[in-house]
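Below, read A as the first sequence line, B as the second, and so on, with proteins coming before strands; counting in each chain starts at 1. In this text the structure is predicted, and so the values were computed from the model without any measurement.
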Protein chains: 2
Amino acid sequence: MYSPHSRLGWNRRARGGDELKTENFLRGRRGIQLAVPERQALELGLSEPRLAPARQTLIRRGENVSQSTLLVAGYVGRYMEDREGERQLVALHLPGDFVDLHAFPLQHLDHDVVAISDVAVATISHAALTAITAELPHLTRMLWFSTLLDAAMHREWIFRLGRLDGPGRVAHLMCETALRLAAIGIGDGREFPLPINQGDIAAACGLTNVHVSRVLKSLRDTNLLAVQGNQVTLLDPAALRRIGEFDPQYLYLHDGVSTP
Amino acid sequence: MYSPHSRLGWNRRARGGDELKTENFLRGRRGIQLAVPERQALELGLSEPRLAPARQTLIRRGENVSQSTLLVAGYVGRYMEDREGERQLVALHLPGDFVDLHAFPLQHLDHDVVAISDVAVATISHAALTAITAELPHLTRMLWFSTLLDAAMHREWIFRLGRLDGPGRVAHLMCETALRLAAIGIGDGREFPLPINQGDIAAACGLTNVHVSRVLKSLRDTNLLAVQGNQVTLLDPAALRRIGEFDPQYLYLHDGVSTP
DNA sequence: CGCCCTGTTGACTTACGTCAAAACTAGTGG
DNA sequence: CCACTAGTTTTGACGTAAGTCAACAGGGCG
């Protein structure tokens, strides 16, 4: 039987009742803290988290949306499709990310939002966000900031696709994901859980799954990277950063973050 | 002698004295209009435009910035460099674009900003922007909106690099540029001035200039696209949109815009 | 057990990169 | 007006990374 609750460890956490939906929001980034009333305004506006199974499409391209989605647990991807239905991943979201905050000003989405793992998501209405922008300028700037982080990652992905070869693209993706996850307390920056398959990596890196298989094999054979099941291990982080030309500046993590 | 004034037609326009620096800001997008006090707040905060020659680097990656730049006339590119100094263009900016508004929340840039043609740029201090976000929520949302348009274009560029071949990438770039320029009254959506060389196209499309030359030749030979000197002509817009898998929805142009 | 999904491997094709030379263009100065 | 230069663009020959097609191997699960 399908039971996302247990897979997410959700029962345990939700049962406490005092768990914050926004606990990971902007966590570890630039040391920015939200003031208590700001966090309260967000928490009050957010719905109770709902659960969705892996592979479910949460929002479809073009839909008119009147609310935005905060990812509380699990992984979400944003995809664009070409004419043949081949998917290009344009963003990978981790717990604490606002997945489609940009839909608040833009009002509709130019891509699909898909659950990669089982997920828990909370929503906030655009009316509530309008109220926040009217009353809480600093929080508004922080929300703005979080969409700009997405844009900075978009740029890095453009670079990845435009200037790196297969192994470089995969290395870059894994370096980025390792650091982002470490910033929210998942993994140690070297080893982390990532429930995606080679097709997802291919969709992220602009490669075919056959080629991703070969690239992963070569990274494995040279003791740089291990992807087994849902566990990713950066065996040689320095080498991966070199071939992925990875410089984490664009992630705006605060200074103290571990970068093994 | 270097004279950007005349090349930009700047003398004529500046001489009037009543010309608006923000005249193209968000023009043609979603039919959004700024209220008079909003436009005034922007205009008051903006410096007198200054001129810079083509190829000048306006802002360097990593610099701490305390002001943001509005492009008044000319073309500007945002570039990231790989280890060998090869450039990847991550954004192309047209008159009316805020080139680095994202530096207001982010505080530094993860890429270089370079003049592609001779340009005129005005700046606004981040202090002035902070005041705007404190007092003018609607204008703040519009500024936010404009950075989200950039992000939407970033996503489309990711798609372009990840899923299209050489001719498709060039076609997509030219379709996008044609529409964006038409929206601010430059060209008719079929033919427009674009003072870039094949190296710039290569930097935008993740190709080498040699290959761009071949791609342009093939598009020329099949009567799809002509790039001669600084003039670009979409000879067969429908075909170009097809091979570039171009759907202008993401540009959020208002309905009435011409799409030949 | 048998199915489906994901990953692996091999043989072959192709788009694009690399290197290098030549043609063309525009600007400069005699 | 022509010669000189520097920056583009074009063309050719050749190499290579990645795509395609297809068969097969493993694993998890009903």
Side-chain angles (χ1 to χ4, degrees), chain A residues 1-3 7 53-55 82-88 116-118 160-173 194-222 225-232 243-244, chain B residues 1-4 6-7 53-55 82-88 116-118 160-171 194-222 225-232 243-244:
Chain A
M1 201 199 87
Y2 166 64
S3 169
R7 286 197 235 168
R55 302 292 148 192
D82 69 8
R83 213 192 319 283
E84 280 86 39
E86 288 296 308
R87 283 177 158 184
Q88 175 64 42
I116 289 178
S117 65
D118 295 337
R160 183 156 84 210
L161 294 173
R163 292 294 154 215
L164 300 181
D165 62 4
R169 293 183 202 177
V170 173
H172 188 285
L173 173 66
L194 193 67
I196 68 179
N197 58 34
Q198 294 186 358
D200 294 314
I201 299 175
C205 294
L207 302 169
T208 59
N209 11 20
V210 173
H211 196 63
V212 165
S213 174
R214 289 191 237 266
V215 166
L216 289 180
K217 175 173 169 48
S218 97
L219 292 173
R220 195 186 318 127
D221 291 350
T222 50
L225 178 78
V227 182
Q228 34 205 343
N230 292 341
Q231 196 73 8
V232 176
I243 70 171
Chain B
M1 203 197 86
Y2 165 63
S3 168
S6 53
R7 287 197 234 168
R55 301 294 149 191
D82 69 8
R83 213 192 320 286
E84 280 87 40
E86 288 297 308
R87 283 177 158 184
Q88 174 64 43
I116 288 178
S117 65
D118 295 336
R160 182 156 83 209
L161 293 173
R163 293 292 154 219
L164 300 181
D165 62 4
R169 294 183 200 176
V170 172
L194 193 66
I196 69 180
N197 58 33
Q198 295 186 358
D200 294 314
I201 298 175
C205 294
L207 303 169
T208 58
N209 12 22
V210 173
H211 197 62
V212 166
S213 174
R214 289 190 236 265
V215 166
L216 289 180
K217 175 173 168 48
S218 98
L219 291 173
R220 194 187 319 127
D221 291 350
T222 50
L225 179 77
V227 182
Q228 35 206 346
N230 292 341
Q231 197 73 8
V232 175
I243 69 171

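- Per the geometry, CD belonging to Glu86(A) stands 11 Å off C1' belonging to dG19(D), to the nearest Å.
- Taking a 4.0 Å limit (strictly below) on heavy-atom distances, residues 210-221 of chain A reaches DNA chain C at Val210(A), Ser213(A), Arg214(A), Lys217(A), Arg220(A).
- Atoms CG (Leu164(B)) and P (dG19(D)) sit 14 Å apart, rounded to a whole Å.
- Closest of all the heavy-atom pairs between Arg55(B) and Asn197(B) is NH2-ND2, 4.0 Å.
- Contact annotation: the side chain of Gln231(A) never approaches that of Leu194(A) to less than 4.5 Å [non-hydrogen atoms, C-beta and beyond].
- Arg163(A) contributes a side-chain N or O that, together with a main-chain N or O of Arg87(B), makes up a donor-acceptor pair within less than 3.5 Å.
- One atom, CZ of Arg55(B), and another, C1' of dA6(D), lie 15 Å apart when rounded to the nearest Å.
- Residues Val227(A) and Val170(A) are not in side-chain contact: their nearest non-hydrogen atoms beyond the backbone lie 4.5 Å or more apart.
- To the nearest angstrom, P of dT8(D) lies 5 Å from CG of Asn197(B).
- Distance from the side chain of Leu207(A) is smallest to dG19(D) among dA15(C), dG19(D), dG17(C).
- Contact detail for Pro167(A) and Val215(A): the closest heavy-atom pair is CA-CG1, 3.7 Å.
- As a whole-Å value, the separation of Leu161(B) CG from dA15(C) P is 18 Å.
- Here the C1' atom of nucleotide dT8(C) and the CD atom of Gln198(A) are 8 Å apart, to the nearest Å.
- Every pair passing salt bridge (charged side-chain N to carboxylate O under 4.0 Å, His left out) that includes a residue from residues 201-220 of chain B is listed here, sequence neighbours excluded: Lys217(B)-Asp221(B).
- Backbone-only engagement by Gly206(A) is indicated by non-hydrogen atom pairs under 4.0 Å involving sugar-phosphate atoms exclusively.
- Between Arg169(A) and Leu207(A) the shortest heavy-atom distance is NH1-CD2, 3.7 Å.
- Rounded to an integer number of Å, the gap from CZ of Arg163(B) to C1' of dA18(D) is 13 Å.
- The distance between atom CD1 of Ile243(B) and atom P of dA15(C), rounded to the nearest whole Å, is 14 Å.
- Helix-axis bend for the helix from dC1(C)-dG30(D) to dG30(C)-dC1(D): the local axis fitted to the five terminal pairs at one end deviates from that at the other end by 30°, rounded to 10°.
- Ile196(B) approaches Asn230(B) most closely through the heavy-atom pair N-OD1, 4.4 Å.
- In plain terms, the two heavy atoms of Leu173(A) and Cys205(A) that are nearest each other are CD2-SG, 4.1 Å.
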